[in-house]
Amino acid sequence: MDPKKKAITAAVLGTALGAAGLAVIAMPAGAGEAPQLPPVSAEDLVQSVLTAQTPAFEGTVKVDNALGLPALPGVPSLDLDSARIYNDGAGASRLSLQQGSSEQTVVRNGETVWKYDSGKNTATKITVPADALKDKGVHDGEVTDPTAAAADLVNTVRETSTVSVEGTARVADRPAYEVVLTPKPDERTLLREVRVSIDAEKRVPLRLAVLANGSADPALQIAYTDVSFAPQPADRFNFTPPQGAKVTEKQADVNKDKDWAKERDAQGKDKAMGDTTVVGTGWDTVVTGKFSPESLQGGQQPADKDKRGWGNWGDGDRGQGQGAGFDPKALLDQVSKPVTGPFGTGHVISLKVGTALITDDGRFAAGAVPEQVLIEALGNK
């Protein structure tokens, strides 16, 4: 999607799609008696996750989504039929998401990342510079190594969390430790805790459950239903576009990540990230930014079709409204309530795990936080 509509979508979804990003990085536990495992401290267990080498494996992932996220034009749903993940243990990976009759595939092998949408028969080939290959988890907005991304998640929030080991579980018929990350008392967040099941042998995440305050049931739960740690055929990580597929080629945009890192080091807690700024750290982190008021008028066809859709899947006009029929204001009226405050006037969208505030003059803030935290992050008009 073009930058204007991309900014709107980011504001509308806020942390909800941040949580959705987790949908492919950590993996409802399988039935069975809790296994007996050697005791381990929380710190040692977390450290083993952060230092573990991703093994060769293949597995199927199931997503249970109770985020309360409304259906939005042009935004993929988390109601996946299935997700299949493969990894060769040496940097190559394959992710296949099945949704109805359509399948999206991301294949990473060396300096090349392929993204393919079978429903539209479109493919994008992304070349990743060799000096950027050390970033194993994400390239150009795509999660290609889920276990590495899960380790990054744990590392990001552990300093602002109370971390504990609360028993064991059996996930995908494998014994696992249950790690619970709870926000420290000074963290202002809608989330109560995040539970991650860690494979007892391989030390990789097998399950993720996100629980919000005031609810005993997970708002989001993602788990392997089956997993096999075994060598994978090399040809599984090769990709050739089907005959007739529309193919686009581009270079991965790694400079924006380097620029963001420089800004982060220079600014401390407030980190510039492209057209947005990350305010704060930990559980009450807020993403703020600004787009032009004209972008709320809609009715414009995106200039770059390859940049539409979540995670740059390729074409992004799922559902309705990505073209001339898209009416952002009508969408806001449907999923939000009008608000006023020191920021002026705008709309607020409230989900179980997050809140987004969009002002009428084009500013937005989103996070897994109460509305007041967003207001403070935006400041006065």
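Starting from 1, each residue takes its place in the sequence as its number.
- A salt bridge is absent between Arg94 and Glu58; no separation between the charged side-chain nitrogens and carboxylate oxygens falls under 4.0 Å.
- With hydrogens and angles ignored, the 3.5 Å screen pairs a side-chain donor or acceptor of Asn109 with a backbone N or O of Phe237.
- For Glu249 (side chain) and Val247 (main-chain N/O), no donor-acceptor pair under 3.5 Å exists by modelled atom type.
- Side-chain contact of Ser215 with Asp217: a donor-acceptor pair under 3.5 Å is absent, judged by distance alone.
- Ring planes of Phe57 and Tyr224: perpendicular class, angle over 60° (limits at 30 and 60°).
- A 4.5 Å side-chain heavy-atom check between Tyr116 and Thr124 finds every atom pair outside the cut-off.
- Ser41 places a side-chain N or O within 3.5 Å of a backbone atom of Asp44 that can act as its donor or acceptor partner.
- For Thr359 (side chain) and Gly346 (main-chain N/O), no donor-acceptor pair under 3.5 Å exists by modelled atom type.
- Between the side chain of Asp88 and the backbone N or O of Pro55, no donor-acceptor pair lies under 3.5 Å.
- Using a 4.0 Å cut-off between a side-chain N of Lys or Arg and a carboxylate O of Asp or Glu, Glu159 and Lys184 do not qualify as a salt bridge.
- By the 4.5 Å heavy-atom criterion applied to side chains, Thr105 and Trp114 are not counted as neighbours.
- With respect to Arg84 and Asp226, a salt bridge is recorded, a charged nitrogen being found less than 4.0 Å from a carboxylate O.
- Summarising the geometry of Ala176 relative to Pro35, their closest heavy-atom pair is N-CG, 4.3 Å, with the distance given to 0.1 Å.
- The shortest side-chain heavy-atom distance between Arg203 and Tyr177 falls under the 4.5 Å cut-off.
- Between the side chain of Arg192 and the backbone N or O of Ala212 there is at least one donor-acceptor pair closer than 3.5 Å.
- One N or O on the side chain of Ser48 and one on the backbone of Leu45 form a donor-acceptor pair closer than 3.5 Å.
- Checking side-chain atoms of Thr127 against main-chain N and O of Gln251 turns up no donor-acceptor pair under 3.5 Å.
- Annotation: side chain of Asp117 is in contact with side chain of Thr122 (closest heavy-atom distance under 4.5 Å).
- Side-chain contact check for Gln221 versus Lys62: every heavy-atom pair is 4.5 Å or farther apart.
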| task | Determine, stepwise, if the pair Ser161 / Trp283 fulfils side chain to side chain contact (heavy atoms under 4.5 Å, CB included). | result | CA-CA 8 Å; Ser161 307; Trp283 298 76; 2.7 Å; yes
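- A salt bridge links Asp361 with Arg363; the closest basic N to acidic carboxylate O contact falls under 4.0 Å.
- Between the side chains of Glu178 and Ser197, at least one donor-acceptor pair of N or O atoms lies under 3.5 Å.
- Atoms OG and CD, from Ser164 and Glu193 in turn, are 8.0 Å apart once rounded to the nearest 0.5 Å.
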